[in-house]
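First the structure, in the form of structure tokens, and then the observations on it.
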Amino acid sequence: MALFGGIQLPGKPDLENVRKLDLLCLPMISRMTRAGVAIDLPYLADLSVEFGREMAELQRDISSYIPPDALDRFVDASTAEDDATGRAIPVEINANSADQIRVLLYDLLRVHLGKNIKPTASGKLSTGKRQLELCREHPVVAKVLAYREWSKLKSAFVDALPKLARFHPRGASCPLCELPHDAPTWRLHGDILTTRAATGRLSMKKPNLQQIPTRSKIGQRVRAAFIAPPGKRFVSCDFSQIELRDLAHLSNCSSMIDVYLNDGDLHDDTCHRALGVPWDEKPDKYKHRMGAKRVNFGIQNGTTEKGLYLQLVMDFHANGLEIPDWLTEEWCKKFIADWLESRPEVQNYFELQWYRARRYGATWDAFGRTRLIPEVKSMHRRVRQEGLRQAQNLPVTSTAAGHLKLVMGELDETFRRLYDGGIYVWPLLPVHDQVIVEVEEEWADTVGVIMSDCFAKVAHDKETGENLWRVPIKSDCEITTRWQKEE
DNA sequence: CAGCACGGCGCG
DNA sequence: ACCGCGCCGTGCTG
């Protein structure tokens, strides 16, 4: 019994097995780092100008809400000198400053009145997104949130990425990346770190290409700056709901396993089981499915009713909808309780992790990767509960991370064979549950099939072909010219 | 000027 | 008071 590379499923701490797993993906990581990914600098330059204009306008709008008698609280030192000359001081709030936003929203405009705004660690009222979403009635709040989105995307990506790009000169074999390319290009080569995350995940820095925007409309425009060079395609393959499939397997939850065996939809299943939607009715996209999705993904992290509530408030706003009457913290509490009650094996499995954390001071995943959890012995309740959530989360996240390392190891071998046959596949990025490669257009479909197949068989015994998981593992594949959703 | 903590937020 | 990361700007300190 063995997976690719002789990896075992010991189900108990196993350092040697994990060492082998971690070494498997190093060759591909080395190739990824050297290849880098091409980026469209002129396009980003345009975005920078446009984003800057949007920010300036919003900053003016926000500043116009400052009460006249409070203007002096927002004068910064560089403009204050004008006072002596008797000229009018141009007062603008620095919308990047949480302190200034806090003063404007809470001290001056009192937008939080009647709302339950929680303080941050240091005791000040939080101006975070989750809190501001509760005060959206006041028009200035929406402006602040909009400003934050443009600002984040501009500073962290649009303006930051070009500074890290390296120039690749024209050449049959570029000395930088060893990648044959006809046109000169700029490419980003982030460092891929293998020993950073407590969960065994890979992380990335300078830049971290695992955090390139994708969720928002504007984010998609940033992501479009990543391009496949002329004549090439991106092939991106990801596991479908791998963490939920792993949770089903690890907890041996019969109802979740049934859903996946029948190629069903877990979110709909949750609507029926925990929300009481009759089995012959189709769940409503917003009333049922949105919440079901949130709980399905949140449950493994020990989400609270408050957390779920705030999350759903944000979901409704993101879809331009009013908060419905039935959405309360009480409702969320019952939802979470019903979820766990209808899937008792999962509740059981979580309790097993808590037990391990308390008894052994550690939890471990399917491959034997172990994480110490000293927090569970803390004097402080908050810290203890933090430890329990970590213990609960680890096996799922860590097992899923192991799956990705397995496919990276196996694909690297496959790609080397293809290379010998004249097909050049260049792995570019690992993104937690997916691998992105660059390949000549004519081979994109072939490579997509090869990758999908490798992903789907990640848990198969490499000698017998038997699926060692209690659920089928599925994958999705996309072929694109830019790193964004097509059309 | 560099380094740091903090609040905040991008991704899975 | 939802897990895991890395990175931004602010505001303070040495």
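Chain letters run A, B, ... following the sequence lines, proteins first and then strands; every chain starts at 1.
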Ignoring backbone atoms, establish whether [X] has a side-chain N or O less than 4.0 Å from OP1 or OP2 of [N].
X        : N      : value
A:Lys124 : B:dC6  : no
A:Arg371 : C:dG4  : yes
A:Asn208 : C:dC7  : no
A:Ser203 : C:dG6  : yes
A:Arg382 : C:dA1  : no
A:Asn393 : C:dG4  : no
A:Thr397 : B:dG12 : no
A:Gln210 : B:dG10 : no
A:Arg389 : C:dA1  : no
A:Arg215 : B:dC11 : yes
A:Ser155 : C:dC7  : no

In terms of the angle between their ring planes, are [X] and [Y] parallel, tilted or perpendicular, with boundaries placed at 30° and 60°?
X        : Y        : value
A:Phe455 : A:Phe239 : tilted
A:Tyr355 : A:Tyr360 : perpendicular
A:Tyr286 : A:Phe316 : tilted

Got a donor-acceptor pair under 3.5 Å from the side chain of A:Arg148 to the base of B:dG8? no
Identify whether any heavy atom of [X] sits under 4.0 Å from a base atom; if not, whether one sits that close to sugar-phosphate; answer base, sugar-phosphate or nothing.
X        : answer
A:Gly298 : base
A:Ala400 : nothing
A:Gln392 : nothing
A:Ile212 : sugar-phosphate
A:Ser151 : nothing
A:Lys152 : base
A:Leu193 : sugar-phosphate

Closest to the [X] side chain: [options]?
X        : options               : result
A:Ser126 : B:dG8, C:dC2, C:dG9   : B:dG8
A:Pro213 : C:dG6, B:dG10, C:dC2  : B:dG10
A:Arg130 : B:dG7, C:dC2, C:dG11  : C:dC2
A:Thr303 : C:dT10, B:dC11, C:dC2 : C:dC2
A:Asn301 : C:dC2, C:dC8, B:dG12  : C:dC2
A:Thr127 : B:dG7, C:dC3, C:dC5   : B:dG7
A:Phe157 : C:dG4, B:dG10, C:dT10 : B:dG10

Please report the distance separating the P of C:dA1 from the corresponding atom of B:dC6, rounded so that it comes out in whole Å. 14 Å
What I want to find out is whether A:Asp40 reaches A:Arg482 closely enough, with some N-O distance under 4.0 Å, to be called a salt bridge. yes
Here's one to test your reading of the geometry: is the NZ or CZ of A:Arg221 within 45 degrees of the ring axis of A:Phe51 and under 6.0 Å from its centre? no
side-chain hydrogen bond (donor to acceptor under 3.5 Å, both in side chains) with A:Arg369: of A:Asp22, A:Asn17, A:Thr363, only one passes, and it is A:Asp22
